[in-house]
Amino acid sequence: MRITLVAGARPNFIKIAPIIAEINRVKALGSDINYRLVHTGQHYDDAMSGQFFRDLEIPLPDVNLNCGGGSQAEQTAQILIAFEKELIENPADLVLVVGDVTSTMACSITAKKLNTKVAHVEAGIRSGDMKMPEEINRIVTDSISDYFFTTSQLAGKNLLQIGKSQQQIFFVGNVMIDTLLKFKSKFKAPQVYNQHKLTHREYLVLTLHRPSNVDEADALRRQLDFICEQAYNFPIVFPIHPRTQQQLDLTFLPKNLIITSPLGYLEFNYLIQNSLGVLTDSGGITEETSIMNIPCITLRENTERPETIEFGTNVLVGKDSEKLKYYMQKMLSNQWKQSQGIELWDGKTSERIIKVITNTFIS
Ligand code: UDP
């Protein structure tokens with residue numbers, strides 16, 4: 001069978017890596033499965049793309065559609081056009097999309113319009129927040145996909161509610177955690193760690209990139225000042241996403257804020273694993289901290305990953321500064337709930353996914 005794998009942005013590369021490794025493993029054992037890796041070019045600079053291919057041992061893409069830059073609409077339109085051409089020239093039995101970025105949605109639409117089956121990995125999760133571009137991407141992708149690979153029982157229920165059938169839904173666990181467990185032994189200290197003489201559990205990590213947190217420069221600055229003030233002199237390392245960098249005036253920043261460029265996967269997760277805790281608006285990071293048992297405060301009003309709160313180490317504070325203050329004090333005084341582990345987030349998700357696909361497509 002021929003399967004086209006789509007990846008376009010940072011979190012996609014982390015999700016696609018273990019799927020490719022598993023395809024290669026079963027292929028080496030004689031399975032009739034061939035893949036073509038399509039990079040849409042949505043994230044294009046080395047720190048957000050190339051570095052992840054090297055860190056996670058992902059083979060170079062078969063094609064890069066170079067659809068980076070522009071507004072959401074421009075990017076969607078560019079990907080629709082370029083991926084249609086790609087799929088006509090290189091037909092597939094199945095297009096597999098991961099996560100919730102613009103590339104996920106655009107390529108699922110193109111594939112369905114060319115009557116190609118679509119599998120969505122990380123299907124069915126919902127924040128209920130229609131202001132998030134990712135929520136729209138999830139809803140559109142799930143509305144037209146044929147096979148749904150889910151990270152939780154709740155995601156499956158959400159899919160049943162929109163009329164999908166149980167036979168299409170496969171609760172397999174979380175591919176992000178496959179990558180985390182596989183590469184854990186290779187985590188390495190980033191330059192910023194040594195440069196600032198950081199030590200185990202003696203610093204926090206902050207990441208922010210959601211439009212609701214970073215698109216308004218003054219509010220972003222107030223948020224940073226508040227967080228740094230609550231941490232007293234405790235260092236806070238802030239690997240800064242390109243979107244956030246565009247908004248932030250880097251002068252007169254709080255003394256305990258250590259800014260660095262986005263880090264590679266192995267360095268970033270070293271930083272997380274050794275930190276006292278994390279403040280973030282990323283979804284993927286709440287999953288990783290939950291499995292590494294590192295305290296995590298989510299700077300959002302909602303989450304599409306409630307299992308990280310119920311069973312993991314995550315708490316939601318939204319825009320409530322009293323709540324943020326309360327949880328930061330708990331974090332700094334090392335009083336946090338312990339992770340209980342999350343069902344099927346065990347490093348074997350890609351194996352389950354490829355088993356379903358080969359059982360379905362290869363008789
Ligand atoms: N990440 C990374 N370097 C960084 C920040 C994040 O390698 O400087 C990784 C992180 O470990 C996680 C993923 O990027 O696996 C999360 O991506 P992002 O926050 O962009 O997306 P989201 O999870 O919010 O969709």
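Start at 1 and go down the list; that is how both ligands and their atoms are numbered. Nothing here was measured: the structure is a model prediction, and the numbers come from that model.
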Smallest separation among heavy atoms of M176 and Y265, with atom names: O-OH, 4.2 Å
Between [X] and [Y], does at least one N-O distance fall below 4.0 Å, as a salt bridge requires?
X	Y	value
R2	D32	no
R36	E86	yes
R126	D142	yes
D46	R54	yes
K85	E89	yes
R221	D225	yes

Side chain, backbone, both or neither: H209 near ligand 1, heavy atoms under 4.0 Å: side chain
N269, portion touching ligand 1 at heavy-atom distance under 4.0 Å: side chain
For [atom], what's the nearest protein heavy-atom neighbour? Residue, atom name and distance, please.
atom	result
atom 11 (O) of ligand 1	E288 OE1, 2.7 Å
atom 21 (O) of ligand 1	P11 CG, 3.5 Å
atom 3 (N) of ligand 1	L263 O, 2.7 Å
atom 23 (O) of ligand 1	G284 N, 2.7 Å
atom 1 (N) of ligand 1	F268 CD2, 3.6 Å
atom 16 (C) of ligand 1	S282 OG, 3.8 Å
atom 13 (C) of ligand 1	I14 CD1, 3.5 Å

Polar-atom distance check: [X] versus ligand 1, any N or O pair below 3.5 Å?
X	result
H241	no
D281	no
K15	no
I285	no

Side chain D281, main chain R210, donor-acceptor under 3.5 Å: yes
N314 side chain vs T286 backbone, donor-acceptor pair below 3.5 Å: no
Proximity of F234 and Y203 rings by center, below 6.0 Å: no
Ring-ring centroid check F171 F148, cutoff 6.0 Å: no
Option set H43, R210, M48, R243, criterion heavy-atom distance to atom 24 (O) of ligand 1, minimum: R210
Among E122, R10, E304, closest by any non-hydrogen atom to atom 14 (O) of ligand 1: R10
Would you mind listing which atoms of ligand 1 come within a distance below 4.0 Å of any non-hydrogen atom of [X]?
X	result
M176	12 (C), 15 (O)
P239	8 (O)
P262	8 (O)
F52	2 (C), 7 (O)

CG-OH distance between L299 and Y327, expressed to the nearest 0.5 angstrom: 13.0 Å
